[in-house]
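Report on the following structure.
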Amino acid sequence: MKLESGGLGASSMADGSLRGIGPIILLGSPGAGKGTQAKRIAERYGIPQISTGDLLRDNVQRGTPLGMQAKDVMARGELVPDELVYDMVAQRLRQVDCERGFILDGFPRTPAQAGWLDAFFENEFFGVPQSGKCAPIVIRIDVDYNQLLHRLTGRRTCLANGHIYNVYLQPPRVADTCDLDGSRLVTRDDDRDEVIRERLSAYEMQTKPVAEYYARQGRLVSINGDLPVDQVTEQIFLVIESHRAARADGF
Ligand code: AP5
């Protein structure tokens with residue numbers, strides 16, 4: 001685990017409140033394990049996982065106007081235009097289950113989105129006295145490029161509950177069947193070779209600078225995502241707990 005710059009100083013702690021966990025932002029390339037880890041954080045801390053990829057896929061499936069605009073862009077492995085995701089994210093963050101905190105998985109994905117999110121927090125969270133909201137904890141999961149390809153081509157997802165498997169690395173007990181509820185496992189449309197390469201390139205060009213944005217603010221913590229799932233989770237919980245302890249100490 002590595003703090004990229006700055007420290008857990010006063011400027012990165014909004015109000016020292018322990019009433020909530022506050023926002024947790026998970027950064028990392030496609031296949032780094034953001035979704036896998038977000039589900040574990042959600043379970044441990046009782047806060048929702050907000051995956052912009054899942055929200056967009058849901059819109060595509062329901063054929064909403066947003067989904068219709070996003071569909072072809074996602075199929076090509078490119079990023080959906082910033083303006084299309086802002087309303088969707090704002091609406092989700094205003095829901096009552098986000099009061100104690102939430103995990104952002106897949107957002108922000110461009111420096112413009114990161115700036116928008118800071119402004120959103122400032123206007124809607126930190127401006128509210130005694131709201132118990134905290135500055136975000138930003139964690140980047142770093143994974144070797146070849147390992148990413150293996151993870152993405154082997155991924156299978158439960159159609160019913162979203163649980164994530166990997167045919168090479170975390171296979172289900174029965175092929176193509178969810179261990180938890182027996183539902184069918186599917187391969188995501190964008191987990192095809194040619195689309196994976198486009199997604200990884202979009203990450204390099206557009207999303208990597210987001211980590212630099214948070215590093216400049218002294219918020220970015222990088223962890224080793226090449227390790228087995230449980231060990232990655234352990235590192236993430238350590239980061240979260242060290243932030244909570246720092247807040248309790250008033251830093
Ligand atoms: P999105 O759904 O966010 O996909 P992504 O960022 O490409 O990330 P993935 O979901 O592929 O990977 P992950 O890091 O969650 O890994 P996972 O835990 O599943 O976005 C999809 C598309 O939507 C984008 O391309 C874009 O078009 C659009 N979009 C979304 N958000 C947007 C935004 N903000 N702005 C614009 N456009 C947006 O793990 C992967 C595999 O690895 C699994 O099989 C898992 O079992 C395995 N695995 C996980 N951890 C480990 C481990 N430690 N060891 C071994 N295997 C592991």
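As the structure lists them, so they are numbered: ligands from 1, and atoms in each ligand from 1. Scope of the values below: all heavy atoms of this structure, side chains included, with no hydrogens, waters or symmetry mates.
Scanning the protein for heavy atoms near atom 31 (N) of ligand 1, the closest one is Thr52 OG1, 2.7 Å. In terms of protein heavy-atom proximity, atom 28 (C) of ligand 1 is closest to Leu56 CD1, 3.7 Å. For atom 4 (O) of ligand 1, the nearest protein heavy atom (residue, atom name, distance) is Arg188 NH2, 3.1 Å. Of all protein heavy atoms, the one closest to atom 52 (C) of ligand 1 is Arg151 NH2, 3.2 Å. The nearest protein atom to atom 8 (O) of ligand 1, hydrogens excluded, is given as Lys34 NZ, 3.2 Å; this is a heavy-atom distance. For atom 35 (N) of ligand 1, the closest heavy atom belonging to the protein is Gln113 NE2, 2.9 Å. Closest protein heavy atom to atom 56 (N) of ligand 1: Gln170 NE2, 3.1 Å. The nearest protein atom to atom 27 (O) of ligand 1, hydrogens excluded, is given as Glu78 O, 2.5 Å; this is a heavy-atom distance.
If you look at Leu169 next to ligand 1, the close heavy atoms, those under 4.0 Å, all belong to the side chain. Here Gln231 has no heavy atoms under 4.0 Å from ligand 1, in either its backbone or its side chain. Contact annotation: for Tyr165 versus ligand 1, heavy atoms closer than 4.0 Å belong to the backbone alone. For Leu152, every heavy-atom contact with ligand 1 shorter than 4.0 Å involves the side chain, none the backbone. If you look at Arg156 next to ligand 1, there are no close heavy atoms at all, none under 4.0 Å.
The option from Val210, Leu227, Thr233 that lies nearest to atom 53 (N) of ligand 1, judged by heavy atoms, is Leu227. The nearest non-hydrogen atom to atom 34 (N) of ligand 1, considering only Gly106, Ala38, Pro108, Gly35, comes from Gly106. Nearest-heavy-atom check against atom 40 (C) of ligand 1 across Pro228, Gly31, Ala32 picks out Gly31. Between Arg57, Arg109, Arg199, His150, it is Arg109 that holds the heavy atom closest to atom 6 (O) of ligand 1.
Of the N or O atoms in Gly33, one or more lie within a sub-3.5 Å distance of an N or O in ligand 1. The shortest N or O to N or O distance between Thr36 and ligand 1 is under 3.5 Å. For ligand 1, one of its N or O atoms has an N or O atom of Asn166 under 3.5 Å away.
Within 6.0 Å of CZ in Arg62 there are more than 12 heavy atoms belonging to other residues, nucleotides or ligands. Residue Gln61 places its CD atom among 12 or fewer non-hydrogen atoms of other residues, nucleotides or ligands, all under 6.0 Å distant. Counting heavy-atom neighbours within 6.0 Å of Glu43 CD, excluding the residue itself, gives a total of 12 or less.
Against a heavy-atom cut-off of under 4.0 Å, Phe107 is close to the following atoms of ligand 1: 34 (N). The Ser29 neighbourhood of ligand 1 comprises atoms 14 (O), with distances under 4.0 Å to a heavy atom of that residue. In the vicinity of Asp190, heavy-atom distances shorter than 4.0 Å reach the ligand 1 atoms 21 (C). Of all the atoms in ligand 1, the ones that sit under 4.0 Å from a non-hydrogen atom of Pro30 are 5 (P), 7 (O), 8 (O), 12 (O). Taking every heavy atom of Ile164 and a limit of under 4.0 angstrom, the matching atoms of ligand 1 come to 18 (O), 19 (O), 43 (C), 44 (O), 45 (C), 46 (O).
Just one of Thr157, Thr36, Asp179 meets the side-chain contact (heavy atoms from CB on, under 4.5 Å) condition when paired with Tyr165; it is Asp179. The side-chain hydrogen bond (donor to acceptor under 3.5 Å, both in side chains) test with Thr233 is passed by exactly one of Arg44, Lys39, Arg40: Arg40. Tested against Leu79 for a side-chain contact (heavy atoms from CB on, under 4.5 Å), the candidates Val85, Thr110, Val73 yield a single pass: Thr110.
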Under the side-chain contact (heavy atoms from CB on, under 4.5 Å) rule, what do Leu220 and Leu27 come out as? Steps first, then yes or no, please.
CA-CA 9 Å; Leu220 181 70; Leu27 301 177; 4.0 Å; yes
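At least one donor-acceptor pair closer than 3.5 Å links the side chain of Arg199 to the backbone N or O of Asp190. A distance-only check finds no donor-acceptor pair linking the side chain of Ser222 to the backbone of Arg140 [under 3.5 Å]. Looking only at distances, no side-chain donor or acceptor of Arg109 sits under 3.5 Å from a matching main-chain atom of Val80. Under the 3.5 Å distance criterion, the side-chain polar atoms of Gln37 are matched with a main-chain donor or acceptor of Val229. In this structure, Arg151 contributes its side chain and Asn166 its backbone to no donor-acceptor pair below 3.5 Å. A side-chain donor-acceptor contact under 3.5 Å links His243 to the backbone of Val239. The closest donor-acceptor contact from the side chain of Gln147 to the backbone of Val143 lies at 3.5 Å or more, if one exists at all.
Not a single heavy atom of Val73 sits closer than 4.0 Å to an atom of ligand 1. At a 4.0 Å cut-off, not a single heavy atom of Ala70 sits close enough to ligand 1 to count as contact.
The residues Glu124 and Arg94 are annotated as salt-bridged, a charged nitrogen and a carboxylate oxygen being separated by less than 4.0 angstrom.
Linking Ile, Leu, Val, Met, Phe, Trp and Tyr residues whenever their side-chain heavy atoms come within less than 4.5 Å leaves Leu26 and Ile164 in two separate clusters.
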